[in-house]
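Step one of this worksheet: look at the structure below.
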Amino acid sequence: MRNLKRTAVILSGCLLVMSSWLLTACHPEEPCTVNHLCVRTVAVVLPFEDGLREQWEQCLNLCNANLQMAFCYAGKGVNLRFEWYNESTEDLSALSRKLAARKDIVAVIGGLYSSSAAQLASGLCKGGKPLFTLGTTEQLVREYSTSGNLWAMTETDITACEVMLSKAMQYGAKSVALLVNGATLYGQTYLDWFAFQAEELELENKGTYSYDGTEAQIAQQTKAALASGADYVLCASGSVDELRTVLRTMQDTPHTNQMLMAESGFSGDAINKLGPLMEGVEGVAYGANPESGFDVAYQARFNRLPCLGEAQVYDAAMLIAFASYLQMLNHDLTFKKAMRQLVDGREQGNGSWRGEDLAWLASRLADGAHPDISGASGSLDFDSKVYTNVLHTVYYNYFVYQQKYIFLDYNTTDGSRRTDPTLASWNWKKSQQQDITYGGEEHIYPPLDKRWALLVASSHGWSNYRHQVDVLNIYQILKRHGYDDDHIVVIIEDDLAYNRSNPQPGVLYTRMDGVNVYHDVQVDYHLSQLNPKDVLEILLGHASERLPQVLRADADDNIFFFWSGHGSPGEMCWDDTPHGITKDDLEKCLSQMEQSGNYRKLIGCIETCFSGGVAKAADDHNGMLFFTAANANETSKADEYNYNWDVWMSNRFTATLQDCMINTPSQSFAYLYNRLFQSTVGSHVCVFGHKGFGSLYESNLSEILE
């Protein structure tokens, strides 16, 4: 983390004196020589309640005034005309389609809330209309990163969660817990990344306490989080109303731990709505860069701090105006290309949002230069590969004192945790890797005879496309390596190839440029024909009239077991049924296999959330090796979203597994673990059973691939 407090304090005194100058635009009596003024219409979709519309209007009117100064002597320029839509009352899906179809609207600014941003993006990004959003959920930017039409003005909540955890560490915390509305798109990012980041930062995870938004459950889970023993509880409430219940419960519940709030505690109406309940609240929220002077100057001009997101809204409008200006200078540029050219500039920049500096920017662009652009929120560097979200966001460490916000500190990330500093924030370097060094006695295995495989996709429906398609891709890989259908048992619902949502009937892909994995597939069981215990019977080789196809392996045969689907803590889920396969269920099955000796080596790969909590059952057995996409506390992550089909096409863990099976089939299991660990995003790939398996450097993928 990079601390900006000292710089902010030094600048704040100077900026207070200069603030009235900073906010001026062209003097109304000064002549303006703009000969050609291009008016561009921008739709603004933001919440209006509790005076927020007036605040947004103040912000964007200021931007237009500074744009007037920017282009006053340029000979040509851009003025923005804003159309206003209430995010809280509009049918956003219908509105997004309507705005996407309007040729007179150059771009849309909107989606303060992640759920709203997702609805807007669905119509706008597919329809080719640029959306500049404040939505912070990780899923949004991953889904539309390939569209080229989404411009997220903040880093995702992956970064916000990191900042909150780092703040707890600065305060001396050794343990943390998470309180979150897991039923919302906003809360999902915290739910997905908290456990992963806590482990990476070597903080003890005291648990995730997820609620569904009802007052009773918020209170119940708040009490549980406070009773967890965590030094700090991170609270990612999705609204001010939820925050009210959390704060009331805290008042009524004895506790010794501290709580850090996310941005709901800094929303424009939090203090007005909650009053004395807010006293002493501390948290983290994105805002303006203190080095820009935006906050100080804004408060001097309007007698208030900018509300949550105003700096980002200002910068979005500024970028739209200057991308439009580049189009005026070069008629061959599309808006998308103009935006990319604008944010790719790395020549000397002025680093400001003020009218005078914007005039300098206009002059430099007219001269063909490519200056580095900064705004009220700070550096406007975007991911240079997918151009989806800004790479650096400043976060306030806010505190409520006497019914006013004060800023204790400012923090931002320096990009060092990214696998590639030009990639969006979901790409993290990982350090907490297992020690797979083997120091036990050498294991003696009989010569290998036959190979068997059990492939399971434990979900159905178009929205779970990736689970079945990943199974089918592995099926095709095994067939190319010599397996016949008598030695592979395939369990899928088989409801995708001719699903009415499939634009190419009979064809399924794991990637948009891939091959059809539904070719010549032999499905042994439909998911709906079985229960989860049946899968274990098939693995054990217990044939019956109802289960004629099983693995008929013996002590000279290797078994490959692949499972893809959903998971919950301690369980691999079975479609929509209340019970799946638990660690105890798998433990009983593996014990029976070891006792009966119906395998030589068993290699399992489990692609579910929280999969480590189940596959840990392999640790007590010999000749069994399980790789999991996540540990017992983490969710696994999907990979490659097809926004035209509205599906995730694969999972990162499985995509890497498939790549290794195809391209490096003779590599060791140690190599496989390292590849899976480094490539899998947002979770810790785990390996279980290796202490009773033998050296992972001596055995390799040929155990399952002929």
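From a predicted model like this one, the values you see are computed outputs, not experimental measurements.
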One thing to verify: whether K126 and D646 come together as a salt bridge, which I'm taking to mean a side-chain N less than 4.0 angstrom from a carboxylate O. yes
Show, in sequence, the C-alpha distance, side-chain angles and deciding distance for W56 and I109, and conclude whether the side-chain contact (heavy atoms from CB on, under 4.5 Å) test is met. CA-CA 11 Å; W56 303 124; I109 299 174; over 6 Å; no
Got T510 and M649 here, is their nearest side-chain heavy-atom distance under 4.5 Å? no
Please say whether the positively charged group of K637, taken as NZ for Lys or CZ for Arg, lies over the ring of W648, i.e. under 6.0 angstrom from the six-membered ring centre and within 45 degrees of the axis. no
Grab the two heavy atoms, one from P130 and one from F335, that are nearest each other, plus how far apart they are. CG-CD2, 3.5 Å
Should N64 and F82 count as side-chain neighbours, where that means a heavy-atom distance under 4.5 Å? yes
Can you establish whether the number of heavy atoms outside Y401 located under 6.0 Å from its atom OH is more than 12? no
Looking just at side-chain N and O atoms, do D157 and T136 make a donor-acceptor pair shorter than 3.5 Å? yes
Just how far is it from atom CD1 of I271 to atom CZ of F266, taken to the nearest 0.5 Å? 8.5 Å
Would you say the side chains of Y396 and D295 form a donor-acceptor pair under 3.5 Å? yes
Beyond-backbone contact of F322 with L67, side-chain heavy atoms, under 4.5 angstrom: yes
Is any side-chain N of the basic residue among R511 and D639 closer than 4.0 Å to the acidic one's carboxylate O? no
Only one of D192, T189, T184 clears side chain to side chain donor-acceptor pair (under 3.5 Å) with T137; which? T189
Apply side chain to side chain donor-acceptor pair (under 3.5 Å) to Q68 and N79, showing your working. CA-CA 7 Å; Q68 182 184 354; N79 184 257; over 6 Å; no
Pair E310 + R304: basic N to acidic O under 4.0 Å: yes
Whether E282 side chain and F399 backbone form a donor-acceptor pair below 3.5 Å: no
Side-chain donor-acceptor pairs under 3.5 Å in residues 312-321, sequence neighbours left out?
from : atom 1 : to   : atom 2 : distance (Å)
Q312 : NE2    : G287 : O      : 3.1
Y314 : OH     : N66  : ND2    : 3.0
Y314 : OH     : W353 : O      : 2.9
D315 : OD1    : A376 : N      : 2.8
D315 : OD2    : A376 : N      : 3.2
D315 : OD2    : S377 : N      : 2.8
D315 : OD2    : S377 : OG     : 2.5

Which atom pair, heavy atoms only, marks the closest approach of C38 to M328? CB-SD, 3.5 Å
Quick check on N663: does its CG atom have over 12 non-hydrogen neighbours (other residues, nucleotides or ligands) under 6.0 Å away? yes
Aromatic plane relationship, Y643 with Y144 - under 30° parallel, 30 to 60° tilted, over 60° perpendicular: tilted
Side chain to side chain donor-acceptor pair (under 3.5 Å) with S116: which residues, sequence neighbours excluded? E87
Take R142 and T156 through the side-chain contact (heavy atoms from CB on, under 4.5 Å) test and state the conclusion after the steps. CA-CA 10 Å; R142 289 191 67 198; T156 71; over 6 Å; no
State, to 0.1 Å, how close Q139 and L185 come at their nearest heavy-atom pair, and which atoms those are. OE1-CD1, 3.6 Å
Donor + acceptor pair across side chains of T680, R652 (<3.5 Å): no
Can you classify the ring geometry of F294 versus Y298 as parallel (below 30°), tilted (30 to 60°) or perpendicular (above 60°)? tilted
Can you give me the closest heavy-atom contact between A359 and M69, atom names plus distance? CB-O, 3.9 Å
Between CE on residue M153 and CG on residue L380, distance to nearest 0.5 Å: 5.5 Å
Under the side-chain contact (heavy atoms from CB on, under 4.5 Å) criterion, do Y186 and Y113 qualify, and how do the steps go? CA-CA 8 Å; Y186 167 75; Y113 307 119; over 6 Å; no
Checking side-chain polar atoms at under 3.5 Å, does N61 have a donor or acceptor matched by the opposite partner on E57? no
Closest approach of D383 to L391 (non-hydrogen atoms, all atoms of both residues): N-CG, 3.8 Å
Residues K98, E90: salt bridge by 4.0 Å N-O rule: no
Restricting to non-hydrogen atoms, name the atom on Q348 and the atom on P371 that form the minimum distance, rounded to 0.1 Å. O-CB, 3.5 Å
Run the side-chain contact (heavy atoms from CB on, under 4.5 Å) test on L52 and L46 for me, step by step, so that the C-alpha distance in whole Å, both residues' side-chain angles and the decisive distance to 0.1 Å come before the verdict. CA-CA 8 Å; L52 282 175; L46 292 166; over 6 Å; no
Value rounded to 0.5 Å, distance of OG1 in T412 from NE2 in H392: 7.0 Å
